Every structure is written in structure tokens, then in C-alpha cells.
Amino acid sequence: MRRGIAGIAGLRIEAVAFPRSRVRPISILPRPATLAERLRDRTVAEVHRRGKRIVIEIAPAGDDGQRWLAIEPRMTGLMLLVEPPTPEHVRMVMEFMGRGRKPLTFWDRRGLGTIRLFDDAGLDGACGPHKHGPDGLVVTGDDLMKRLGASRRAVKVALLDQRVVAGIGNIYAAEILFRSGIDPRSRCRRLKRAQWEAIAQQTRRVLAEAVRHEGSSIGDETYRTADNRAGRFQRRHRVYGREGERCPRCGAAILRIVQAQRATFFCPACQRRA
DNA sequence: CGTTCAACCTGGGCGC
DNA sequence: TGCGCCCAGGTTGAAC
């Protein structure tokens, strides 16, 4: 997602609008009118990612230090540089100066996403080290062991905790544990060093591969690229969404269970319980 | 500390 | 066709 819109860096914001964005509970801060006012005529310095958030860095403009626009897409949010699928689910439109500049649209069907403008301290409070562990693309076995070695939680539930490691979602937790050969119900404290190394390695690998394949698009209303194309990583899902199908490794039937109110998919035969 | 539940929302799919 | 239910790549706070 970040890569898809990285090209807006250097552009000057002509206007920002927030149609149909909920203000309460606080999913947009400050109020839309204030936010639009603060962003107008500012320049995009860079587009960053912090865990699952897109963070648009606004070049300093002398006044306040509010220069981090953090967008959290949650379940159905898309960042688009083309016409959105429907006009009624558009939550933000950012227009740029210069002829032929395509506007950036935040489209969010379910409307669970958030849009907030932060100063340095605010950004840190929202997605600093207190809220986010190391990024999944670079996490190490030591990182995981240090944070989870004494935990009684089920490993799959723990991997979804962004304070442990940032960026793993429900699909990727399943795929990471399948490739690590570990049962998602395993209690963290029972895992050995070698298993944490395996999980960390597969986390880096699965996430990097998913990025390379432009994400997972399931059905036609999930993730899309900035130019509204489907990703391809769903074709490589080995267990996610495959309840009842045969495990690609051993042929056993893939199971679906529920952990912490989320679906978990795994192979009961080749994923070992620690 | 860890788990469960409800809430925030919309919409597709299914059984009846 | 309609209705009620379940489900969905996420996060948070309250209750136990």
C-alpha cells in the first residue's frame, strides 16, 4: 500500500475533503474542517509505514509540529490513486497542485479505518515503541523470545499483538505458523529457541513475499493496489481460507478453529503442538 | 496476566 | 424474495 502511493512525495496539497467520515467515536482527528485547513497548501515530504498504518509526512511549515497524517485502513480501507469502487465509501480525498495530478483517495467500505494528524509525540503515542514491537519484516528470534518466552498465551494470538511484532494480521499469522510447522494453539512459554527462530524467519519471509505479490485479495472487496488491481498472494495461501482442503505438505484436512474471536486455519498433522 | 465479549460498520453468502 | 444469521485481512475497553 505504501509503495503504491509513494509517488505523492514532493506534491503540494491543494485541498483535502472528508466526505462521510465519522467523527464520533473518534476516527478522525482533529475535526474534518480543522484537518483540511491544516493540510491545505502543505507539501508531502514522504510516505512512511508504521506497522499497519500509512503515515504521510507533511513538510514542516513553521507553525505547529502537526505533520504526521496517520491512516489506519483496518479491515476494508484502501489508498487509491484511481477512481474508487463506489463514491459513497470515500472517506478522504486529497488533491494536489499541478495539472494531471491524480488525487489520493482513502476508500473504506466498513468505515472502521481512522485518519489522524499528529505531532511527533502524538505519533509516538499512537504507534511508537510502546504500541508497536519490531516490524515483522525485520523481526528476530531473540525479539520474539524476549517478549513471549514467559507468556502463557497461544502463539497465534500473541503474533497478532502489535506490541509484540508490528504488521502481522490474521492471514499472515496462519501462513507463518504453517510454514514454521507449529500448532497455533501452542503456549508461547513452551516454545524453544529454535522454534522462535523459525517463526521469526518465516515472518520475515512471508511478509516480504506478500509485499512482492502485492498483498492478498480475497473476493473482490478486499485489498487492492493503489491502481485498484487485485494482489496475488492469496494464490500462495497454504492454509488461510482453506478449511477442509488438503494440506499441501501432508494431505491431511485443514482445520478451522476460533481463537480470540478470530478464525485460525492450520494443518493438524504437520503443525506440531509445543 | 489472560480470556471473552461487545462495539465500531457494511455487505456478501447461506439456509429456510 | 425476504429474513435472519454467520462471516470478513482490525482494534479497543470493560468485565471476569
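Nothing here was measured: the structure is a model prediction, and the numbers come from that model.
Close to C/dC7, at under 4.0 Å from its OP1 or OP2, lies no side-chain N or O of A/Arg110. OP1 and OP2 of B/dC9 both lie 4.0 Å or more from every side-chain N or O belonging to A/His89. Not one side-chain nitrogen or oxygen of A/Arg153 sits closer than 4.0 Å to the OP1 or OP2 atom of B/dC1.
Applying side chain to side chain donor-acceptor pair (under 3.5 Å) to A/Trp68 and the options A/Asp124, A/Asp120, A/Asp119 leaves one that passes, A/Asp120. Each of A/Glu46, A/Arg2, A/Arg50 was checked for a side chain to side chain contact (heavy atoms under 4.5 Å, CB included) with A/Val55, and the lone residue meeting it is A/Arg50.
In DNA chain C, runs of at least 3 stacked Watson-Crick or G-U pairs (N1-N3 plus N6-O4 or O6-N4, or N1-O2 plus O6-N3, all under 3.5 Å) give these stems: B:2-8 with C:10-16, B:10-16 with C:2-8.
DNA chain C is contacted by both A/Arg256 and A/Glu72; A/Arg256 maps to the nucleotide lying nearer its 5′ end (nearest heavy atom per residue). Along DNA chain C, the nucleotide nearest to A/Arg109 and the one nearest to A/Gln162 differ in position, and the one closer to the 5' end is contacted by A/Arg109.
Going from the P atom of B/dT10 to that of C/dT1 covers 24 Å, rounded to whole Å. Using P as the reference atom, B/dC5 and C/dC6 are 13 Å apart when rounded to the nearest Å. Rounded to whole Å, the P atom of B/dC9 lies 23 Å from the corresponding atom of C/dC3.
Distance from the side chain of A/Met75 is smallest to C/dA8 among B/dT10, B/dC9, C/dA8. Of the candidate nucleotides C/dA8, B/dT3, B/dC8, C/dA8 has the atom lying nearest to any side-chain atom of A/Ala263. For A/Arg152, the side-chain atoms get nearest to B/dG2 when compared with the rest of C/dA8, B/dC9, B/dG2. In the set B/dG11, C/dT11, B/dT4, C/dT11 carries the atom at the smallest distance from any side-chain atom of A/Lys52.
A/Arg238 has no carboxylate O lying under 4.0 Å from a charged side-chain N of A/Glu175, or vice versa, which leaves the two without a salt bridge. Look at A/Arg147 and A/Asp161 and you find no salt bridge, because none of the NZ, NE, NH1 or NH2 atoms lies under 4.0 Å from a carboxylate O.
Note: A/Phe233 and A/Tyr172 have tilted aromatic rings, judged against thresholds of 30 and 60 degrees for the angle between ring planes.
No engagement by A/Thr76 is indicated, since no non-hydrogen atom pair under 4.0 Å with the nucleic acid exists. Residue A/Ser217 is in base contact, counting any heavy-atom pair closer than 4.0 Å across all strands shown. Among the atoms of the strands shown, only primed sugar atoms or phosphate atoms (P, OP1, OP2) are found under 4.0 Å from some heavy atom of A/Arg187.
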Please determine whether side-chain contact (heavy atoms from CB on, under 4.5 Å) holds for the pair A/Asp142 and A/Glu197, giving the CA-CA distance in whole Å, both sets of side-chain angles, and the decisive distance to 0.1 Å. CA-CA 7 Å; A/Asp142 279 350; A/Glu197 291 294 345; 4.2 Å; yes
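Taking each heavy atom of A/Gly169 and A/Lys52 in turn, the nearest pair found is CA-NZ, 3.5 Å.
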